[in-house]
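This report concerns only the one structure given below.
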There are 2 protein chains.
Amino acid sequence: MNERIVDLLKKNHLSITDSRKKILSHFLDSNGALAHADIEHKSGTEFDRVTIYRTLQTFVEKGIIHTIPTTDNSVRYALCKDECSAGHHHDDHVHFMCDECGTTYCLDHVTVPKVELPAGFTATQNDLVVSGLCNKCS
Amino acid sequence: MNERIVDLLKKNHLSITDSRKKILSHFLDSNGALAHADIEHKSGTEFDRVTIYRTLQTFVEKGIIHTIPTTDNSVRYALCKDECSAGHHHDDHVHFMCDECGTTYCLDHVTVPKVELPAGFTATQNDLVVSGLCNKCS
DNA sequence: ATTTCAATGCAACAATGTTGCAAAATTTAT
DNA sequence: ATAAATTTTGCAACATTGTTGCATTGAAAT
Ligand SMILES: [Mn+2]
Ligand SMILES: [Mn+2]
Ligand SMILES: [Zn+2]
Ligand SMILES: [Zn+2]
């Protein structure tokens, strides 16, 4: 496990630090997406708030995690698939937010359908967020 | 115009106040969605920040405006169609964010497609946000 | 006009996010 | 292994965004 974390950091040319290892492990342990506040709680007083912000930002830039647009306009992050790399995310999967337990899921196997846009509009990214009840809450 | 605004407020059983009339007029004048900050700028120092927050909240509750999930996780609001009412929005249309000019559009005639969810997941709401270039910027 | 009720402004606060800079830790070079 | 170079971190200070309580003001009903 620790092995995998170090490898992931190395692969992305990031220096191996306690905070990066710990924050990455939280993502690997979690099945849903995490908000900044979640990580802050899980970490206790171990790291500074600012470090968490900067680490998340770095991970996004490197393509290790991606942000999820949410209906309640809070920022959440989830692990990217292997195919994502620095400056090039390809997250064409649907996200699901449970109204009951609040968990945000990456539905990696459900792809966002393309839609026909009005004349003159061109799409570079499509984000679909579905809310409702998850499999644990229904 | 002023007529239409007063009617809309009356229809929703809201008392007619300067701030509500003015804020509503900003939405009727704008072709895109507005953020809280936009309204604050347009209004100058006319109203307190808190009043704008409370007015937007009231309008959402009454079904006059709806919030739009954005990829940059900022809250934006746009006018609802007539069919929306208190506690019952039906916004099944796609939203478009222009990467160039930043405008957020309600694509009222493009409906969000349904997707097949994994077993146990049930959907109550689907939000699709498309980003790219709008008809003015392409 | 008077009463009743709702909306506003103000102040104080909480949550979230950003920046500059010195200290500490990690990586690279010797 | 040691030292130099580079990154990362923690802290402080600040900015932005959003919330709440309460007295004052304004709108609506009688
Ligand atoms: Mn995802
Ligand atoms: Mn809309
Ligand atoms: Zn759930
Ligand atoms: Zn545009």
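In what follows, chains are A, B, ... by sequence order, proteins preceding strands, each numbered from 1.
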Nearest whole Å is fine: how far is [N] [atom2] from [X] [atom1]?
| X | N | atom1 | atom2 | result |
| --- | --- | --- | --- | --- |
| A/Phe47 | C/dG17 | CZ | P | 19 Å |
| B/Lys22 | C/dG9 | NZ | P | 12 Å |
| A/Gln57 | D/dT9 | CD | P | 12 Å |
| B/Ile52 | D/dT19 | CD1 | P | 13 Å |
| B/Asp48 | D/dT20 | CG | C1' | 13 Å |
| A/Lys21 | D/dT9 | NZ | C1' | 15 Å |
| B/His41 | D/dT17 | NE2 | C1' | 12 Å |
| A/Arg20 | D/dT9 | CZ | C1' | 10 Å |

Could you check which of [options] has an atom nearest any side-chain atom of [X]?
| X | options | result |
| --- | --- | --- |
| A/Thr51 | C/dA7, C/dG9, D/dG10 | D/dG10 |
| A/Ser15 | D/dT9, C/dG9, C/dT26 | C/dT26 |
| A/Arg49 | C/dG17, D/dT19, D/dC22 | C/dG17 |
| B/His36 | C/dT27, D/dG18, C/dT8 | D/dG18 |
| A/Thr17 | D/dT9, D/dC11, C/dC10 | D/dT9 |
| B/Val50 | D/dT8, D/dT19, D/dG10 | D/dT19 |
| B/Tyr53 | C/dA7, D/dT19, D/dT9 | D/dT19 |

Under 4.0 angstrom, heavy atoms only, what part of the nucleic acid is [X] near: base, sugar-phosphate, or nothing?
| X | value |
| --- | --- |
| A/Glu40 | nothing |
| A/Ser19 | sugar-phosphate |
| B/Arg54 | base |

| query | Does the ring pair (Phe, Tyr, Trp, His ring centres under 6.0 Å) test come out yes or no for B/Phe27 and B/Phe59, once each step is laid out? | reply | CA-CA 11 Å; B/Phe27 279 106; B/Phe59 285 177; 7.2 Å; no
_Any heavy-atom pair between the side chains of A/Leu56 and A/Arg54 that's under 4.5 Å?_
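No, every pair of side-chain atoms sits at 4.5 Å or beyond.
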Q.
So which atom in B/Phe96 and which in B/Leu133 form the shortest heavy-atom distance, rounded to 0.1 Å?
A.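 Closest heavy-atom pair between B/Phe96 and B/Leu133: CZ-O, 3.4 Å.
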Could you check, using the six-membered ring where one of them is a Trp, whether A/His41 and A/His36 have ring centers closer than 6.0 angstrom?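 Centroid distance A/His41-A/His36: not below 6.0 Å, so no.
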**Q.** Any donor-acceptor pair under 3.5 Å from B/Thr55 side chain to B/Thr51 backbone
**A.**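 Yes; at least one donor-acceptor contact below 3.5 Å.
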